[in-house]
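Here is the structure we will look at, set down as structure tokens.
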Amino acid sequence: MESESKKGLKRRDFLRALGLSAAATTVPLASEAMADTETSDEKRKTRYQESEHVKNYYRVNKYPA
């Protein structure tokens with residue numbers, strides 16, 4: 001029975017170390033939030049352009065144009 005408890009402790013230690021290493025690797029990935037770099041005019045410009053590619057997509061998927 002003692003060998004089973006030693007095995008269980010080794011498994012627990014391994015899983016504990018695995019969890020700590022996973023937590024340690026995610027912390028440096030977090031960075032500070034950055035402000036928008038676009039001006040208000042750039043934010044309001046039109047981005048959608050109706051091209052032949054877009055028209056074909058709507059036609060093929062039978063979306064109302």
Are S51 and H53 close enough, and set up right, to give a side chain to side chain contact (heavy atoms under 4.5 Å, CB included), and what steps lead you there? CA-CA 5 Å; S51 64; H53 178 271; 3.8 Å; yes
Non-neighbouring partners of S40 that pass side chain to side chain contact (heavy atoms under 4.5 Å, CB included), sequence neighbours left out: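 S40 satisfies side chain to side chain contact (heavy atoms under 4.5 Å, CB included) with R44 once adjacent residues are dropped.
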Taking side chain to side chain contact (heavy atoms under 4.5 Å, CB included) as the test, write out the residues that go with T39, two or more places apart.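 Listed in chain order: D41, E42.
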Please enumerate all residues that pass salt bridge (Lys or Arg N to Asp or Glu O under 4.0 Å) together with [X], with sequence neighbours excluded.
X	result
R16	D13
K45	none
E38	R47

side-chain hydrogen bond (donor to acceptor under 3.5 Å, both in side chains) partners for N56, two or more places apart: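 If we apply the side-chain hydrogen bond (donor to acceptor under 3.5 Å, both in side chains) test to N56, skipping adjacent residues, the hits are R59.
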Can you tell me which residue among V54, N61, V60 is in a side chain to side chain contact (heavy atoms under 4.5 Å, CB included) with Y57?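 Single pass found, and it is N61.
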